[in-house]
Amino acid sequence: MRTEVLRDPGAVAILAAKRIARVAREAVTARGLCALAVSGGTTPWAAFRALCGEEVPWDRVHLFQVDERVALSGDPERNYSHLKESLVDRIPIPCPNVHPMPVEEEDLGAGARRYEADLRRIAGTPPVLDLVQLGLGEDGHTASLFPGDAALRVVDADVALSGPYKGRRRMTLTFPAIDRAREVLWLVTGAGKRKALGMLLAGDRSIPAGRVRGDRAVLLADEAAGGDG
């Protein structure tokens with residue numbers, strides 16, 4: 001895993017935006033389109049706002065979610081609510097190229113299968129995303145793959161449902177979908193992440209994040225999370 005420690009979350013966000021833009025341009029040049037999957041969080045949302053100022057061929061980019069809370073449209077706890085405000089509403093991306101997870105449907109299992117089908121339609125069978133952006137929880141979770149949850153054991157699907165976590169069920173990409181990506185971009189900021197980040201960098205499989213393959217990964221951290229002090 002290639003790791004870079006930057007001064008603060010703002011610096012992480014700016015560098016992340018530049019990296020995502022470069023991946024998008026290179027993917028479009030090589031394959032005619034780019035498929036990205038993004039997570040939520042304060043630093044990613046700042047990165048998405050910075051991404052609006054980068055050169056990106058948005059008409060050839062497809063934007064997926066890594067995970068989402070089961071909640072109604074517009075709920076402030078939805079990752080998509082923030083993704084829409086920080087990025088989607090600010091860029092010239094065609095509506096059909098934006099793929100929110102269908103967490104409002106009565107049959108969530110059917111919704112997960114439809115999202116898998118959407119991934120295959122855009123990114124191949126099995127789907128290979130050009131970049132998956134991940135965050136890291138203090139408990140070592142990533143995406144909505146939480147310690148002890150049944151979704152950790154899903155190996156025959158690319159999208160799964162988690163049990164309740166902090167009062168909400170989630171829809172999430174699974175380890176196979178994440179590990180297939182051409183690049184994984186970790187954004188980790190804040191002193192509260194320091195212990196989990198050490199475990200991630202050590203490849204500690206006792207935390208969910210430690211089970212994500214590292215040979216295609218780039219990690220951007222701030223000094224609070226990843227510095228020597």
Side-chain angles (χ1 to χ4, degrees), residues 9 13 16-17 20-21 23-24 33-52 54 56 58-123 127 129-137 141-146 149 151 157-174 177-178 181 184-187 189:
I20 293 169
V23 167
L33 64 81
C34 176
L36 306 173
V38 298
S39 301
T42 303
T43 301
W45 298 329
F48 303 153
R49 288 191 290 273
L51 185 58
C52 298
E54 295 291 328
V56 179
W58 289 115
D59 61 322
R60 305 300 299 166
V61 172
H62 285 263
L63 192 60
F64 291 91
Q65 289 189 273
V66 169
D67 63 328
E68 183 61 281
R69 293 168 178 82
V70 176
L72 294 177
S73 177
D75 190 304
E77 291 194 14
R78 285 274 300 269
N79 286 337
Y80 186 71
S81 298
H82 297 276
L83 177 62
K84 187 173 186 293
E85 186 279 328
S86 60
L87 182 64
V88 173
D89 285 350
R90 300 168 183 246
I91 57 173
I93 188 170
C95 287
N97 290 19
V98 182
H99 307 272
M101 281 185 157
V103 293
E104 300 171 53
E105 304 201 7
E106 185 173 350
D107 188 338
L108 289 171
R113 292 190 293 273
R114 280 194 295 277
Y115 207 67
E116 282 190 328
D118 212 15
L119 283 164
R120 289 193 297 269
R121 180 174 60 84
I122 300 301
L129 292 157
D130 291 292
L131 182 142
V132 172
Q133 175 264 311
L134 295 177
L136 177 66
H141 83 264
T142 191
S144 283
L145 299 165
F146 304 107
D149 194 90
D158 289 329
V159 183
L161 299 166
S162 77
Y165 179 82
K166 295 185 178 180
R168 300 276 197 185
R169 293 192 73 193
R170 317 289 180 100
M171 187 176 291
T172 184
L173 297 185
T174 60
I178 294 169
V184 171
L185 177 63
W186 293 91
L187 304 183
T189 59

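Since we're looking at a predicted model, the values are computed, not measured.
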Inset, instruction - Ignoring hydrogens and angles, tell me if any N or O in the side chain of S39 forms a donor-acceptor pair with the backbone of A143 under 3.5 Å. - result: no
Legend entry - Sub-4.5 Å side-chain heavy-atom contact between L119 and L129: yes
Inset, instruction - Verify, without hydrogens or angle tests, whether D130 (side chain) and L36 (backbone) share a donor-acceptor contact under 3.5 angstrom. - result: no
Inset, instruction - Grab the two heavy atoms, one from A17 and one from E54, that are nearest each other, plus how far apart they are. - result: O-CG, 4.1 Å
Inset, instruction - Just do the side-chain hydrogen bond (donor to acceptor under 3.5 Å, both in side chains) check on S162 and S144 with the steps written out, would you? - result: CA-CA 7 Å; S162 77; S144 283; 5.3 Å; no
Legend entry - Gap separating the SG atom of C34 from the CG atom of L131, nearest 0.5 angstrom: 7.5 Å
Inset, instruction - Identify the two heavy atoms, one from G163 and one from D149, that lie closest to each other, and give their separation to 0.1 Å. - result: N-OD1, 2.9 Å
Legend entry - F64 vs I122, side-chain contact (heavy atoms from CB on, under 4.5 Å): CA-CA, chis, key distance, verdict: CA-CA 10 Å; F64 291 91; I122 300 301; 3.9 Å; yes
Inset, instruction - For residues R69 and N79, determine if any side-chain heavy atom of one lies less than 4.5 Å from a side-chain heavy atom of the other. - result: yes
Legend entry - Test log, rule side-chain contact (heavy atoms from CB on, under 4.5 Å), inputs L83 and V98: CA-CA 10 Å; L83 177 62; V98 182; 5.7 Å; no
Legend entry - Distance, nearest 0.5 Å, that separates CG of L134 from CG of L145: 9.0 Å
Inset, instruction - Say whether, by atom type as modelled, one donor and one acceptor occur between the side chain of D158 and the main chain of E116 under 3.5 angstrom. - result: no
Legend entry - L87 vs V38 side-chain heavy atoms within contact, under 4.5 Å: no
Inset, instruction - Please round to the nearest 0.5 Å and tell me the distance separating atom NE2 of H82 and atom CZ of F48. - result: 11.5 Å
Legend entry - Trace of the salt bridge (Lys or Arg N to Asp or Glu O under 4.0 Å) decision for R168 with D75: CA-CA 12 Å; R168 300 276 197 185; D75 190 304; 3.0 Å; yes
Legend entry - Steps toward side-chain contact (heavy atoms from CB on, under 4.5 Å) verdict (L173, V159): CA-CA 5 Å; L173 297 185; V159 183; 4.2 Å; yes
Legend entry - Residue pair E104, R78: steps toward the side-chain contact (heavy atoms from CB on, under 4.5 Å) verdict: CA-CA 11 Å; E104 300 171 53; R78 285 274 300 269; 3.4 Å; yes
Legend entry - Heavy-atom closest pair, residues G41 and P44: O-CD, 3.2 Å
Inset, instruction - First locate atom CZ of R113, then atom CG of L108, and finally report the distance between them rounded to the nearest 0.5 Å. - result: 10.5 Å
Inset, instruction - Look at the rings of H99 and H62 and say which category their plane angle falls in: under 30° parallel, 30 to 60° tilted, over 60° perpendicular. - result: parallel
Inset, instruction - Work out which heavy atom in E68 is nearest to a heavy atom in M101; give both atom names and the distance. - result: N-SD, 3.8 Å
Legend entry - Under 3.5 Å: donor-acceptor pair, side chain of Y80, backbone of Q65: no
Inset, instruction - Could you grab the distance from atom CD1 of I178 to atom CG of D67, nearest 0.5 Å is fine? - result: 8.5 Å
Legend entry - Between NE2 on residue H141 and CZ on residue R170, distance to nearest 0.5 Å: 6.5 Å
